[in-house]
Amino acid sequence: MSSTTATRTGTDTARPPAPSKALQRSGDWARRAPLLPALIFTILMTQLPFVATIVISFMNWNAYYPDERGFAGVDNFARVFTDTNTRKAVWVTILLTVSVVLICLVLGLGIALLLDRKFRGQGIVRTMMITPFLIVPVAAALLWKHALYNPEYGLFNGLLKTVFGDNAPQPDWITNNPLAAIIAALVWQWTPFMMLILLAGLQSRPLDVVEAARIDGANAWQIFTNMTLPHLRQYIELSGLLGAIYVVQNFDHVFTITSGGLGTANLPYFIYQTFYTAQDYGRASAAGVVVVIGTIIIATAALRTAFSLFKEDS
C-alpha cells in the first residue's frame, strides 16, 4: 500500500498544475489586445457610416427642399422598387453582371487549360495574363475609351484601316454599342481573376487518377467532361460569385466610358446620380442599402463555397 501511495504521489507531483480560469482569461486578452486598435478603427470606418446610411434611408432628406426634412418610413424603399429609372438600373446591373461573369468564366477556363500545360516561358506568359487585373479600374476604363474605342485615333479603327484600306468603316464603338463596350472592358480586366482561381483548381487535380483514365482509354474530352469539370465545379462557383460581387459594385467603367448615358446606368451610378445630382440623400441611401443587402447575400454564398473547398482540402 505504501508503494502505491508513493507512486500516486510521484505522479501527482510530476503533473503540472492546471491554470486557473482567471489566468487563462487574462492570457486570452493579452493575445487579443494588440488587435483592438485595428478592430476599433475598422468599426469606426465601416460600420458607423453604414448605420448612418440606414438611418438616412428612412428620412425624407433632399437638399433642394430643406424645410421638408423628416421621417419618411419605408417610402424611400418603396420608391426604389417602383421607380422606372431604378428598375432600369437594376436590369442593367443584372445584365452587366451576368454577361461579364459568364464570358469571364468561359475565357478564364480556356486560358487556365492552356496555362496548365508545360511550355517554354510559362512564367512570363502567366505574368502577362495577370497584368490586366492589376491595373487600376479607372485607368483601364480610360485606356479602353481613348486608346481603343476612339473613332479618330483608336486602335480598333486603326486596325480596320490597316486591313481594309482608307475606305474602311470607322464606327463610333461607344455610341453604337454602349453596353457592349463596357462589357468588353470589364471582361478584359476580370478574366485574369477567374483564370487564377480556375488554374489553382486545375493544379489541385489528382494526376494519378487522370493518368489511370488515360491508360484505360479515355480521350481528352472524356477526361475533361467526366473528371476535370466535376473537380472544378466549386472553383467555378467561387470565381463566379466573387466576380459577381465586384461587378455588381462596378462604378468606374460606367462613369468613365459612357457617364451613365445611352442606357448604361447601373445601380452604383444611379445612386451616385441620385445623391450628387438630385441631392436626394434619403432615396440614394435606400438604394445603397438595397445594393449592400444583395451583395451580402452573394458574399455569403461565396464564403460557403470557399469554406467547403477548405474542408475538402483538409
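Side-chain contact between Leu115 and Met195: present, with at least one pair of heavy atoms (C-beta onward) separated by less than 4.5 Å. Between Lys145 and Asn150, the closest side-chain pair of non-hydrogen atoms is not below 4.5 Å. Side-chain contact between Leu198 and Ser239 is present, with heavy atoms from C-beta onward closer than 4.5 Å. Considering only heavy atoms from C-beta on, Leu96 comes within 4.5 Å of Leu179 through its side chain. Using a 4.5 Å heavy-atom threshold, the side chains of Cys104 and Met194 count as touching. Taking 4.5 Å as the limit, every side-chain heavy atom of His253 sits out of range of all side-chain heavy atoms of Val247. Contact check for Trp188 versus Leu143: side-chain heavy atoms found under the 4.5 Å cut-off. Ile197 places a side-chain heavy atom less than 4.5 Å from the side chain of Leu242.
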Worked verdict on Glu152 versus Gln170 for side chain to side chain contact (heavy atoms under 4.5 Å, CB included): CA-CA 8 Å; Glu152 297 181 1; Gln170 298 289 285; over 6 Å; no
Go through it in stages, so that I can follow the logic: the residues are Leu202 and Thr228, the test is side chain to side chain contact (heavy atoms under 4.5 Å, CB included), and I'd like the CA-CA distance, side-chain angles, deciding distance and then a yes or no. CA-CA 7 Å; Leu202 283 173; Thr228 302; 3.5 Å; yes
Checking side chain to side chain donor-acceptor pair (under 3.5 Å) for the pair Tyr235/Glu237: CA distance, chi angles, key distance, verdict? CA-CA 5 Å; Tyr235 293 91; Glu237 292 177 0; over 6 Å; no
Please test Ile56 against Trp61 for side chain to side chain contact (heavy atoms under 4.5 Å, CB included), starting from the C-alpha separation and ending with a verdict. CA-CA 8 Å; Ile56 296 173; Trp61 188 353; 3.9 Å; yes
Can you list the steps and then say if Ser204 with His231 is a side chain to side chain donor-acceptor pair (under 3.5 Å)? CA-CA 9 Å; Ser204 66; His231 175 76; 3.0 Å; yes
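A distance of 4.0 Å separates CD1 in Ile182 from OG1 in Thr264, rounded to the nearest 0.5 Å. In this structure, the separation between CG on Leu105 and CG on Leu232 is 11.0 Å, given to the nearest 0.5 Å. We find the CZ-CH2 distance between Phe133 and Trp190 to be 4.5 Å, quoted to the nearest 0.5 Å. One distance of note links OG1 of Thr191 with CG of Leu109; it measures 11.5 Å at 0.5 Å rounding. Separating the NE2 atom in His146 from the CD1 atom in Ile257 is a distance of 9.5 Å, to the nearest 0.5 Å. Between Ile271 atom CD1 and Gln249 atom CD the span is 10.0 Å, to the nearest 0.5 Å.
A side-chain hydrogen bond (donor to acceptor under 3.5 Å, both in side chains) with Arg283 is found for one member of Asp83, Asn60, Asn62 and no other, namely Asp83.
In terms of heavy-atom proximity, Tyr269 sits nearest to Gly260 at CE2-CA, 3.5 Å. Considering every non-hydrogen atom in both Ala184 and Tyr149, the closest pair reads CB-OH, 3.4 Å.
Here the side chain of Thr97 pairs no donor or acceptor atom with the backbone of Ile94 at under 3.5 angstrom. Asn76 contributes a side-chain N or O that, together with a main-chain N or O of Met59, makes up a donor-acceptor pair within less than 3.5 Å. In terms of modelled atom types and a separation under 3.5 Å, the side chain of Asp116 and the main chain of Ala112 share no donor-acceptor contact. Within the 3.5 Å criterion, the main-chain N or O of Thr82 finds no donor-acceptor partner in the side chain of Thr86. Side-chain N or O atoms of Asn266 include one that pairs as donor or acceptor with a backbone N or O of Asn250 at under 3.5 Å. A donor-acceptor pair is defined here as one N or O able to donate and one able to accept, closer than 3.5 Å; such a pair exists between the side chain of Gln189 and the backbone of Ile135. Between the side chain of Thr258 and the backbone N or O of Pro178 there is no donor-acceptor pair closer than 3.5 Å. A distance-only check finds a donor-acceptor pair linking the side chain of Asn157 to the backbone of Pro151 [under 3.5 Å]. For Asn226 (side chain) and Gln222 (main-chain N/O), a donor-acceptor pair under 3.5 Å exists by modelled atom type. Formation of a donor-acceptor pair under 3.5 Å by the Tyr281 side chain with backbone atoms of Ala63 is not found in this model.
In this structure, Phe251 and Phe255 have parallel ring planes: the angle between them is below the 30° cut-off, well short of the 60° mark. Between Phe156 and Trp173, the ring planes lie perpendicular to each other; the angle is over 60°, past the 30° to 60° tilted range.
Cluster annotation: Leu159 is connected to Leu148 through the hydrophobic network of ILVMFWY side chains, with a link wherever side-chain heavy atoms come within less than 4.5 Å. Taking hydrophobic clusters as Ile, Leu, Val, Met, Phe, Trp and Tyr residues chained together by side-chain heavy-atom distances below 4.5 Å, Leu155 shares a cluster with Trp144. Follow the hydrophobic side-chain contacts under 4.5 Å out from Leu114 and you never reach Met128; the two are in separate clusters. Side-chain heavy atoms closer than 4.5 Å link hydrophobic residues (I, L, V, M, F, W, Y) into clusters, and following such links, possibly through other members, connects Val163 to Leu160. Ile183 and Leu262 end up in different hydrophobic clusters when Ile, Leu, Val, Met, Phe, Trp and Tyr side chains are linked at under 4.5 Å.
For Arg126, the salt bridge (Lys or Arg N to Asp or Glu O under 4.0 Å) criterion is met by no residue, not counting sequence neighbours.
Other members of the cluster containing Val80 are Phe50, Ile54, Phe58, Phe71, Val74, Phe77, Phe81, Val289, Val290, Val292, Ile293, Ile296, Ile297, with ILVMFWY side chains joined at under 4.5 Å, either directly or via other members. Cluster partners of Tyr64 are Tyr65, counting Ile, Leu, Val, Met, Phe, Trp and Tyr whose side-chain heavy atoms approach within less than 4.5 Å, directly or via other members.
Residue Phe119 places its CZ atom among more than 12 non-hydrogen atoms of other residues, nucleotides or ligands, all under 6.0 Å distant. Around atom CD1 of Ile124, no more than 12 heavy atoms belonging to other residues, nucleotides or ligands sit under 6.0 Å away. Within 6.0 Å of CG on Asn219 lie more than 12 heavy atoms contributed by other residues, nucleotides or ligands.
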